[in-house]
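One structure is given here, and the rest of the page talks about it.
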Amino acid sequence: MKRIITVVIAGLILTACSKDIQQALEKAKAESDPAKSLEVIRQAEKSYLEQCNSLRCSVPRSLVAADQEYFLKAAKLGNERVLRELFTVRPDMIDLQNEMKGSVLIRAKDSKNADLLASAARIYGNDTLGVVNKAQQIEYLKRAWAAGDVKSAGQLAHIYVRLKDFDNAYFWSLRCTQECNRSVGVREGEYSTQTELLELEKHLDANKIATLQRESAARSGN
């Protein structure tokens, strides 16, 4: 009896989810901006998984296909947020990255958009795209931080650790606050989230530590 009840409940949940999915697909289709369509689909995916969590459901193919479709359209139209996702967490889309990298670098040159600047930094730090330039990567990460992207501070800290520039590594590690996570981008053998600042301080004297702490607290300093 318990199994029958479970099956019935599961059927009701899936039926409700199917209706929600269809509504989401129709709403996304009605949007003129593919980035907004993508937001609709992403919310539908999230809601579906939340409702079907106990059933161990996977996202329906119709939503996955719509996600891919609107993501591609939004990226090709140059949506900054989508481009950042493309260059940050979509290594499976290297062809699209190569297609879009030139326009991103052109737009980022005089931009103050944090997502666009962060994308440019990712391009200059990705050897699979053939345009690696450490100085440019650092410059764009600093500009992204100045534009309000606190996550860039953590990336800068890791870059300077690898360069063994412990003054700058400490400076930017101090600026890695709020949603910035020092563990993002850490390679094996590098400083952990818990000990990074303490480990970096071993390379610095007390006066330097105090100076860097004051400088890092100044929002205008970079």
I need the [X] [atom1] to [Y] [atom2] distance, nearest 0.5 Å.
| X | Y | atom1 | atom2 | answer |
| --- | --- | --- | --- | --- |
| Arg107 | Asn113 | CZ | CG | 7.5 Å |
| Arg143 | Leu116 | CZ | CG | 9.0 Å |
| Glu80 | Ser119 | CD | OG | 8.5 Å |
| Glu201 | Lys208 | CD | NZ | 13.5 Å |
| Tyr48 | Gln51 | OH | CD | 9.5 Å |
| Ser103 | Lys76 | OG | NZ | 11.5 Å |

Specify the closest pair of heavy atoms between [X] and [Y], including all atoms of both residues, with the distance to one decimal.
| X | Y | result |
| --- | --- | --- |
| Trp145 | Val150 | CD1-CA, 4.0 Å |
| Ala108 | Leu117 | O-CD2, 3.6 Å |
| Val104 | Ile123 | CG1-CD1, 3.7 Å |
| Ser173 | Ala157 | N-CB, 3.7 Å |
| Ile21 | Pro60 | CD1-CG, 3.4 Å |

Item to complete: Please state whether the rings of Tyr140 and Tyr124 are parallel, tilted or perpendicular, taking 30° and 60° as the class boundaries.
Response: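 If you compare the ring of Tyr140 with that of Tyr124, the planes turn out parallel.
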Fill in: Worked verdict on Arg175 versus Trp172 for side-chain contact (heavy atoms from CB on, under 4.5 Å)
CA-CA 5 Å; Arg175 285 187 162 182; Trp172 286 103; 3.5 Å; yes
Check [Y] with [X], please: is the shortest side-chain N to carboxylate O separation under 4.0 Å?
| X | Y | value |
| --- | --- | --- |
| Glu139 | Lys109 | no |
| Asp149 | Lys151 | no |
| Glu39 | Lys36 | no |
| Lys73 | Glu69 | yes |

Consider only side-chain N and O atoms of [X] and [Y], and report whether a donor and an acceptor are under 3.5 Å apart.
| X | Y | value |
| --- | --- | --- |
| Lys134 | Gln137 | yes |
| Asp95 | Asn98 | no |
| Gln43 | Ser47 | yes |
| Asn126 | Thr128 | yes |

Report yes if some heavy atom in the side chain of [X] is under 4.5 Å from a heavy atom in the side chain of [Y]; otherwise report no.
| X | Y | result |
| --- | --- | --- |
| Leu200 | Val161 | yes |
| Glu45 | Arg42 | yes |
| Ile41 | Val64 | no |

Report yes or no: do [X] and [Y] belong to one cluster of Ile/Leu/Val/Met/Phe/Trp/Tyr joined by side chain heavy-atom distances under 4.5 Å?
| X | Y | result |
| --- | --- | --- |
| Ile94 | Met100 | yes |
| Leu105 | Leu83 | yes |
| Val132 | Phe87 | no |
| Leu77 | Leu86 | no |
| Ile106 | Leu129 | no |

Item to complete: Check step by step if side-chain contact (heavy atoms from CB on, under 4.5 Å) holds for Phe166 and Lys202.
Response: CA-CA 9 Å; Phe166 297 110; Lys202 293 179 181 179; over 6 Å; no
Fill in: Within residues 117-183 or reaching into it, pairs that qualify as disulfide (SG to SG under 2.5 Å) - sequence neighbours excluded
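Residue pairs with at least one partner in residues 117-183: Cys176-Cys180.
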Practice prompt. Could you check Val82 against Glu85 for side-chain contact (heavy atoms from CB on, under 4.5 Å), going step by step and ending with a plain yes or no?
Written response: CA-CA 5 Å; Val82 174; Glu85 180 180 337; 5.5 Å; no
Give every donor-acceptor pair under 3.5 Å between a side-chain atom in residues 23-34 and any protein atom, sequence neighbours left out.
unit_1, atom_1, unit_2, atom_2, d
Glu26, OE2, Gln22, NE2, 3.3
Asp33, OD1, Ala35, N, 2.9

Item to complete: Decide side-chain contact (heavy atoms from CB on, under 4.5 Å) for Leu141 and Ile159; before the verdict, give the C-alpha distance in whole Å, the side-chain angles of both, and the deciding distance to 0.1 Å.
Response: CA-CA 10 Å; Leu141 284 172; Ile159 290 172; 3.5 Å; yes
